[in-house]
Q: 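Provided herewith is a single structure, encoded as structure tokens, for subsequent inquiry.
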Amino acid sequence: MPNLNLSKLGTALLTAIAMTANTAVTLAILAPAVAQTEPTFSDVSSNYWAKDFISALAARDIIAGFPDGKFRPNAPVTRAQFATIVGKAFNTNPMREPINFVDVPSNYWAADAINEAYTTGFVSGYPGRVFRPNQRIPREQVLVSLASGLNYSGSLPPASVLEYYHDRRAIPDYAGEKIAAATEQGIVVNYPDVDRLKPNKIATRAEVAAFIYQALVNSSEAQAIVSPYIVARNNSSPPAVPKQPSLVGTVRIPSGTRLPVKYDAAERILVAPNEPAPVPLTVTIARNVVSEGGVLLIPARSQVIGELVTIEDQKSAQFVAKQLILTNGQLVQIRATSQIISKIETIARRPAISRNRRFIGSTALGVAAAAAVAVLTGGASLGGILLGAGAGAGVNLSGLFRNRDRVELISIIPNTDLTLTLNADLVLSSSGK
């Protein structure tokens, strides 16, 4: 089971005290070693999955944005751009003589960076002294490059390490050993599914930032960042991970901590902006939340009870968490919210469908959203999950949509959109008090 390690949180030094037996264990929770004013980019929201990686590297001048104030996190990275980034990020000694690539003239903008990245072992060329500087670099090449330039080696058989990835068969043979070593060193970051490597996918600027930052963490040149998408080092070991020590005493998890959650009942949730009441929803903690010292704080599969609150005039919704039920049955009050979700899906009027046909499929719906879909599609059997069935009691919801040809619903992908951020310190106690 992957773990979320609370080693970095907030913007200042915080401490969480856990009482283990009669000894007070201080759990240091540090902020990334970045300038007090972090660079901000108009297209990188505070809840963007790679925001902390991007901000930390930008503060170090390892990466930069564009003149229009954007970072373009989903833009691809070329081999020349990657060579430039590793040159700024790492100070390593040359391990081989330089080479004159036929497609990299001396006046090429990245010629010096490519030469440095080659001599330090981060990048290699193709037969015939060809480098292909404008070629987009796939994720597997980024990981192989970092593992090679930083001289990573694994302690476990590569096949057993790669067993963690569901798409391991897509990993090229030449890359297996280095990717396994990179996994053991904790530099692999997979979004949105932590157990899917997507080795042949072209790496984005956000993904490269995450890999680079994790490599700096591994080299003790940066403080760890909390992210549910970092492949935990202990995932690489095929034997069962030893049971983690449980909390004894009290611990305070600081405000600002992110908690990964999942919703297994449906792949998406549709709610109407005009839901008659907040939509009740229960999700589960996706991964163990542990302290820096390895103490289990919140077990995976703990339940989070809350509600989806819609903002009609903004056509958006937000999950508001109210209670946390640990796997031992302990109930804890929690103040946490997701990002504000404003993705819209339009449902248009269409002919009536068969009573046995599933129109919605793996979807959970608020009562107003369900009424809208039923009216516009004529579907008697939607095949979805109705959330908050009692919320629309006494209200003729169907009448709200009867004269419409289409309706806009808020679309939520729960396993990525509902990641929670604590709005107040969460105090946990082994005694349940």
Side-chain angles (χ1 to χ4, degrees), residues 1-2 4 47 49 166 191-196 228-229 258-273 275-289 298-310 316-332 334 336-345 347 353 355-374 376-377 379-393 397 407 409-421:
M1 174 72 64
L4 175 63
N47 285 309
W49 72 269
H166 286 291
Y191 173 86
D193 301 313
V194 72
D195 53 4
R196 296 191 183 277
Y229 307 112
R258 294 179 186 175
L259 302 178
V261 299
K262 63 178 182 176
Y263 183 64
D264 293 329
E267 296 175 0
R268 64 173 178 167
I269 299 171
L270 295 177
V271 293
E275 291 288 339
V279 179
L281 183 68
T282 298
V283 298
T284 57
I285 296 294
R287 298 170 185 84
N288 289 340
V289 177
I298 305 177
R301 297 184 296 279
S302 296
Q303 293 184 314
V304 180
I305 299 173
E307 55 191 19
L308 287 167
V309 178
T310 57
S316 60
Q318 184 177 42
F319 181 54
V320 178
K322 296 186 174 182
Q323 294 180 319
L324 171 68
I325 302 178
L326 303 177
T327 53
N328 64 2
Q330 180 182 345
L331 177 64
V332 182
I334 183 174
T337 52
S338 73
Q339 63 179 312
I340 294 177
I341 305 143
S342 54
K343 290 178 290 187
I344 296 296
E345 181 169 340
I347 305 296
I353 58 176
R355 295 181 64 90
N356 297 320
R357 181 180 168 190
R358 290 167 57 91
F359 172 71
I360 290 298
S362 182
T363 301
L365 303 98
V367 290
V373 172
L376 293 174
T377 66
S381 175
L382 299 177
I385 299 167
L386 186 61
L387 300 172
L397 295 173
V407 66
L409 302 179
I410 303 164
S411 178
I412 300 166
I413 306 301
N415 292 357
T416 55
D417 292 339
L418 299 186
T419 296
L420 291 171
T421 299

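As the structure is a prediction and not an experimental result, all values here were calculated from the model. Below, all heavy atoms of this structure are taken into account, side chains as well, without hydrogens, waters or symmetry copies.
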Q: Quick one: side-chain hydrogen bond (donor to acceptor under 3.5 Å, both in side chains) partners of T337, sequence neighbours excluded?
A: N423
Q: Which atom names give the shortest non-hydrogen contact between A317 and V271, and what distance separates them?
A: CB-CG2, 4.2 Å
Q: Using the side-chain contact (heavy atoms from CB on, under 4.5 Å) definition, which of the options T282, I298, L420 pairs with V304?
A: L420
Q: Could you tell me whether the side chain of N288 and the main chain of A300 form a donor-acceptor pair under 3.5 Å?
A: yes
Q: Where is the tightest heavy-atom contact between S302 and L324, given as atom of each residue plus distance?
A: CB-CD1, 4.1 Å
Q: For L259 and T421, run side chain to side chain contact (heavy atoms under 4.5 Å, CB included): C-alpha distance rounded to whole Å, both residues' side-chain angles, the deciding distance at 0.1 Å, then the answer.
A: CA-CA 6 Å; L259 302 178; T421 299; over 6 Å; no
Q: Aromatic rings Y229 and Y191: how do their planes relate, parallel, tilted or perpendicular, breaks at 30° and 60°?
A: perpendicular
Q: Quick one: does I413's side chain get under 4.5 Å of K343's, heavy atoms only?
A: yes
Q: How long is the straight-line distance from CG of L365 back to CG of L409, given to the nearest 0.5 Å?
A: 8.0 Å
Q: Find the distance between CG (L331) and CD (Q303) and round it off to the nearest 0.5 Å.
A: 10.5 Å
Q: Would L418 and L281 count as a side chain to side chain contact (heavy atoms under 4.5 Å, CB included) here? Give the steps.
A: CA-CA 11 Å; L418 299 186; L281 183 68; 3.7 Å; yes
Q: Which atoms form the tightest heavy-atom contact between A266 and A364, and what is the distance?
A: CB-N, 3.6 Å
Q: Check whether N328 reaches the backbone of Q330 with its side chain - one donor and one acceptor, N or O, closer than 3.5 Å.
A: yes
Q: Main chain of N47, side chain of Q339: is a donor-acceptor contact present, judged purely on distance under 3.5 Å?
A: no
Q: So do T419 and V261 actually touch side chain to side chain, heavy atoms under 4.5 Å?
A: no
Q: Looking at side-chain heavy atoms only, is the closest gap between I344 and I410 below 4.5 Å?
A: yes
Q: If only side-chain N and O atoms count, and only distance matters, is there a donor-acceptor pair under 3.5 Å linking R268 with T363?
A: yes
Q: What residues form a side-chain hydrogen bond (donor to acceptor under 3.5 Å, both in side chains) with Q323, not counting sequence neighbours?
A: none
Q: Test your reading of the model: is there a side-chain donor-acceptor pair from T310 to the backbone of P273, 3.5 Å cut-off?
A: yes
Q: If the condition is side-chain hydrogen bond (donor to acceptor under 3.5 Å, both in side chains), which residues does E307 pass it with, not counting sequence neighbours?
A: K322
Q: Side-chain contact, heavy-atom cut-off 4.5 Å: L270 with S411?
A: yes
Q: Main chain of I341, side chain of Q318: is a donor-acceptor contact present, judged purely on distance under 3.5 Å?
A: no
Q: I would like to know whether E275 and V367 meet side chain to side chain contact (heavy atoms under 4.5 Å, CB included); could you show each step before the answer?
A: CA-CA 7 Å; E275 291 288 339; V367 290; 3.6 Å; yes
Q: Run R287 and V194 through side chain to side chain contact (heavy atoms under 4.5 Å, CB included) and show every step you take.
A: CA-CA 11 Å; R287 298 170 185 84; V194 72; 3.3 Å; yes
Q: Please check this pair: side chain of S338 against backbone of F319, looking for a donor-acceptor N/O pair closer than 3.5 Å.
A: yes
Q: Nearest 0.5 Å, what's the CD1-CD1 distance between I285 and I325?
A: 11.5 Å
